[in-house]
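To find a chain, count down the sequence lines: A is the first, B the second, and so on, and within it residues start at 1.
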Amino acid sequence: MSKKETAVELTAAGKLYTFSDLALACEAAAAAATDLPDILPAASVSEEFAAGVRRMHSAYRRKLLRAKILHTAAGIALALLFTFSAVITTNANAREAFLTWWTATVPGSTAYWFESDAGKASGRYGLGWIPEGMTITQQTESEDFGSTVFEGGGHLLVFEYFLGEGSGAYQVFGASQGVPAEIGGLAGRLYAEDGRVNLIWADETKGVVFTISSDLDAQTVLRAAESVREGGPEGE
Amino acid sequence: MLQLYLSLLDTQAEKDKFITLYESYRDLMFYVAGRYLGSDADKEIAVDGALHVLLGVLDKIDDPQSAKTKNLVCLIVKHKCIDLLRRKGGTVEEDWEAIAEQAESGTDPVQGSMENSLTDAILSMSETGREFLILRYYHGYSTAEIADLLGVGRDAARKRLERAKAELKGILEADR
């Protein structure tokens, strides 16, 4: 039993009642207090209501998709920060993979990392082109990380870059193994799954990893990726 | 950490859950709304509001077709009806007047089977107090979550929960 379940919630008539006691009693009370008929009349709903439910469902799907795209981007960032150091120091194969990409697939995710002879990466990066109607709604910059969220037309696009120190790593969560992609002569990988596109590529000579996550189609994401430039995001 | 992200990427589950909830409880939601509201348009407003609330707690619903979820759906629809009646002010239906009086007086139709047990003490509480305890202990919601579910302020929810516990304590001690 958890601490919460055994916590005393009520003292009455010389007895102590725990959370668990009250939970069981409330469950029984909820069942006993229900006086619903076994057979319910079928509800007839207006077309406006049905349309409203459909709109709500659609809006919820968009909200869910937005949350998942942002979480995917956050997941990549966290993996970049934590996975590399853990794996590279404990995995002999990884240490031998200097100057090459190393890939490991585990159920549900794929991790990538590389070592290069580049020094500490620097600079700021942004997209030179974004789909029409999109604007920046969120932006974060730090010494070795940049993130820009673009929104518009009911769509979302998250561009992020990570500045390594002669190394880079990222982890992609999801069932898809992705397909190879080339962005401005740089090798990357494109993942399209459940209405989301995740594109990841790296400039090993500079030690920079780029990612774009979006609910837009792959062609649009690739076009945005091709426009990456040093100096800041679109609109600056 | 990995499992956390994997669960977040499980896109179909939430959609399926919402559809199951809607299809399982659409008739029930309208039936419950019909106990408090007269017009079809009002019932639709209340059910629509309840569906929005359910969307917000979708991740806390383990089994959409369980008795627990059914109880939650009934409670949410009922409180959406109460909200609507409150907003309408003077146009409160007769049924609601009776329910409001019942809640105030602390009596309700299930009181007859009073026995000296915790469950029976809860059953003999006012409907409002009992519902707060059910949301807190059976459904496991925090005071803040109950406030969001019922559309009341957090302080008000905390006070109502305290009052419900005090009411239960009073019943248990009176039956000693």
Side-chain angles (χ1 to χ4, degrees), chain A residues 4 9-15 17 19-37 39-46 48-49 52-53 56-57 59-61 63-65 67-68 71-72 74-75 78-79 82-83 106-109 171 173-175 193-196, chain B residues 1-6 8-9 11-12 14-15 18-19 22 26-32 34 40-41 43-44 47-48 51-52 55 58 67-68 70-71 74 108-110 113 117-123 125 127 130 133-140 165 168-176:
Chain A
K4 180 183 173 186
E9 289 283 318
L10 186 70
T11 307
K15 286 185 181 174
Y17 296 96
F19 192 102
S20 185
D21 293 333
L22 287 163
L24 284 170
C26 283
E27 180 176 0
T34 299
D35 56 349
L36 297 167
I39 300 171
L40 294 164
S44 61
V45 298
S46 66
E48 290 78 13
F49 176 80
V53 170
M56 178 169 62
H57 192 187
Y60 180 68
R61 286 185 65 189
K63 185 179 159 192
L64 196 65
L65 193 62
K68 288 182 189 312
H71 275 294
T72 304
L78 284 168
F82 301 124
T83 310
V106 293
S109 82
Q171 190 163 1
F173 302 103
E193 196 173 30
D194 267 334
R196 284 168 291 129
Chain B
M1 183 65 82
L2 176 62
Q3 286 305 317
L4 173 67
Y5 291 121
L6 289 178
L8 288 166
L9 289 167
T11 58
Q12 198 58 38
E14 290 90 348
K15 180 184 166 191
F18 178 70
I19 291 169
Y22 178 69
R26 190 183 71 163
D27 291 347
L28 174 68
M29 288 190 284
F30 277 94
Y31 177 82
V32 172
D40 288 344
K43 288 179 208 168
E44 290 188 350
V47 172
D48 179 63
L51 285 168
H52 274 90
L55 277 175
L58 210 53
K68 191 174 182 178
K70 187 176 180 179
N71 174 264
C74 289
D108 78 26
V110 293
S113 61
S117 74
L118 188 55
T119 300
D120 290 327
I122 293 168
L123 281 169
M125 290 174 67
E127 195 171 340
R130 183 171 64 235
L133 291 187
I134 286 172
L135 285 169
R136 175 72 187 110
Y137 296 107
Y138 179 29
H139 293 284
K165 285 168 79 172
L168 177 60
K169 185 183 170 89
I171 293 168
L172 288 166
E173 292 186 338
D175 291 340
R176 195 176 183 181

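Without hydrogens or angle criteria, B:Glu173 side chain to A:Ala13 main chain gives a donor-acceptor distance under 3.5 Å.
Using a 4.5 Å cut-off between heavy atoms, B:Asp40 makes no contact with chain A at all. Contact of A:Leu22 with chain B is made through backbone and side chain together, with heavy-atom distances under 4.5 Å. When heavy atoms are compared at a cutoff of 4.5 Å, B:Lys68 does not approach chain A at all.
The residue among B:Glu44, B:Lys70, B:Arg136 with the most heavy atom pairs within less than 4.5 Å of chain A is B:Glu44.
Closest heavy-atom contact between B:Tyr138 and B:Ala67: OH-C, 4.0 Å.
Heavy atoms from other residues, nucleotides or ligands lying under 6.0 Å from NZ of B:Lys169 number more than 12.
Partner of A:Cys26 under the side-chain contact (heavy atoms from CB on, under 4.5 Å) criterion, out of B:Asn71, B:Ile134, B:Thr119: B:Ile134 alone.
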